[in-house]
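Okay, structure first, notes after.
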Amino acid sequence: MGEGNAFHKLLIEPAQVRLLGLKRGEVILDIACGNGQFARKMADLGASVVAVDASARMIEKATARSTDYQDRIEYRVIDCTNREQLLSVGERQFDHVVCTMALMDMCQIQPLISAAAALLKPSGCFIFSICHPCFRSGLSKQGMERHDIGGELVEEYFVRVSRYAESTTKTGIAMVGQPVPQYYFHRPLAVLFSAFFSEGFVLDALEEPAFGANADKTRFFDMVFEKIPPALVVRFRRLVN
């Protein structure tokens, strides 16, 4: 992952930055921060960041990569499915909560969303990115068909989806070469969004980034998702109490 692969740099980071609309001095809680890549990005934009992850090893790596950010980023080991642990970072302390490509990795999300409602300042936002539930989650297959249309060979890329409406669990890989498969928890949009609605959040904005003109024509993944969004980036706003 380093400081961001092409998927993150072209699709996820720009959309999250737009939906965040960061103002200098804002305080952000970065959920499931991994190696701290997006925490550093937000700090570079002027934010003060508390970044948490359940993996002590990830926090060690994030801290090692962030030696120049000690005054702007605080890293902590916290299980993001544990509401009480999350509340320990401070209620009503955060302008925004961010979760980058991790909600679909969590077996439970309600404790996190409930905690976020308490951690955010009035009208604060929860911004997250996930594998798009409609096109890259659950049971989906990517494919290509070649058609002879009037003597011209045309390649058509597509995604085939089944059992979308069921919440399902599977193992898979996020990056080619990772040593151990990880769990993915597919939630249809109605299930995912209802978890936020039940805690007093309202849907405020969303983006469905696709590669478009930036697609690498040599990469099958890029061509499948040239005009189909592989990710969903969403902003929920907390209603003023």
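Please read these numbers as outputs of a predicted model, since none were measured by experiment. We count residues from 1, following the sequence as given.
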Minimum heavy-atom distance [X]-[Y], with the two atoms named:
X: Y75; Y: T63; answer: CD1-OG1, 3.7 Å
X: M223; Y: A215; answer: SD-CB, 4.4 Å
X: M106; Y: C99; answer: CE-SG, 4.1 Å
X: F135; Y: P229; answer: CD1-O, 3.5 Å
X: A62; Y: G34; answer: CB-O, 3.6 Å
X: M104; Y: R187; answer: CA-NH1, 4.3 Å

Backbone N/O of [Y] and side chain of [X]: donor-acceptor pair under 3.5 Å:
X: E26; Y: R24; answer: no
X: R92; Y: A118; answer: yes
X: H147; Y: I149; answer: no
X: S198; Y: A195; answer: yes

Q: Under the salt bridge (Lys or Arg N to Asp or Glu O under 4.0 Å) rule, what do E207 and R235 come out as? Steps first, then yes or no, please.
A: CA-CA 9 Å; E207 295 194 17; R235 182 175 69 210; over 6 Å; no
According to a hydrophobic-cluster definition based on side-chain heavy atoms being under 4.5 Å apart (Ile, Leu, Val, Met, Phe, Trp, Tyr only), do [X] and [Y] belong together?
X: F158; Y: F220; result: no
X: I12; Y: M58; result: no
X: I228; Y: L139; result: no
X: V202; Y: I127; result: no
X: I109; Y: V191; result: no

Answer whether the closest heavy-atom distance between the side chains of [X] and [Y] falls below 4.5 Å.
X: R76; Y: S88; value: yes
X: V17; Y: L22; value: no
X: D105; Y: Q182; value: yes
X: R237; Y: C125; value: yes
X: Q110; Y: E199; value: yes
X: L192; Y: I130; value: yes
X: S167; Y: P188; value: yes
X: K9; Y: Q37; value: yes

Q) Any side-chain donor-acceptor pair under 3.5 Å between Y69 and D44? A)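 The criterion, which ignores hydrogens and geometry beyond distance, is satisfied for D44 and Y69.
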Kindly compute the distance separating [atom1] ([X]) from [atom2] ([Y]), expressed to the nearest 0.5 Å.
X: M101; Y: L232; atom1: CE; atom2: CG; answer: 10.0 Å
X: Q16; Y: T100; atom1: CD; atom2: OG1; answer: 3.5 Å
X: S123; Y: D204; atom1: OG; atom2: CG; answer: 9.5 Å
X: C33; Y: R40; atom1: SG; atom2: CZ; answer: 9.0 Å
X: S129; Y: L206; atom1: OG; atom2: CG; answer: 13.0 Å
X: F128; Y: L103; atom1: CZ; atom2: CG; answer: 5.5 Å

Q.
Between F225 and F7 (judged by ring centroids, cut-off 6.0 Å), do the two rings come close enough to count as a pair?
A. no
Q: Would you please test L189 and Y164 for side-chain contact (heavy atoms from CB on, under 4.5 Å) and show each step?
A: CA-CA 9 Å; L189 288 175; Y164 164 79; 3.5 Å; yes
Do other residues, nucleotides or ligands put more than 12 heavy atoms under 6.0 Å from [X] [atom1]?
X: Y183; atom1: OH; answer: no
X: K121; atom1: NZ; answer: yes
X: K170; atom1: NZ; answer: yes

Q) Is any side-chain N of the basic residue among E226 and K217 closer than 4.0 Å to the acidic one's carboxylate O? A)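 Counted as a salt bridge, because a side-chain N and a carboxylate O are separated by less than 4.0 Å.
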Q: Might you work through the side-chain contact (heavy atoms from CB on, under 4.5 Å) test for Y184 and T171, ending with a clear yes or no?
A: CA-CA 6 Å; Y184 285 100; T171 55; over 6 Å; no
Q) For the side-chain contact (heavy atoms from CB on, under 4.5 Å) test, which of D79, T81, L112, V97 pairs with L86? A) L112
Q) Which word best sums up how the rings of F196 and F236 line up, parallel for under 30°, tilted for 30 to 60°, or perpendicular for over 60°? A) parallel
**Q.** Derivation of the side-chain contact (heavy atoms from CB on, under 4.5 Å) call for L20 and L45
**A.** CA-CA 11 Å; L20 269 167; L45 293 173; over 6 Å; no
Q: For the pair I28 and F38, evaluate side-chain contact (heavy atoms from CB on, under 4.5 Å) and give the outcome as yes or no after the intermediate values.
A: CA-CA 11 Å; I28 312 298; F38 197 64; over 6 Å; no
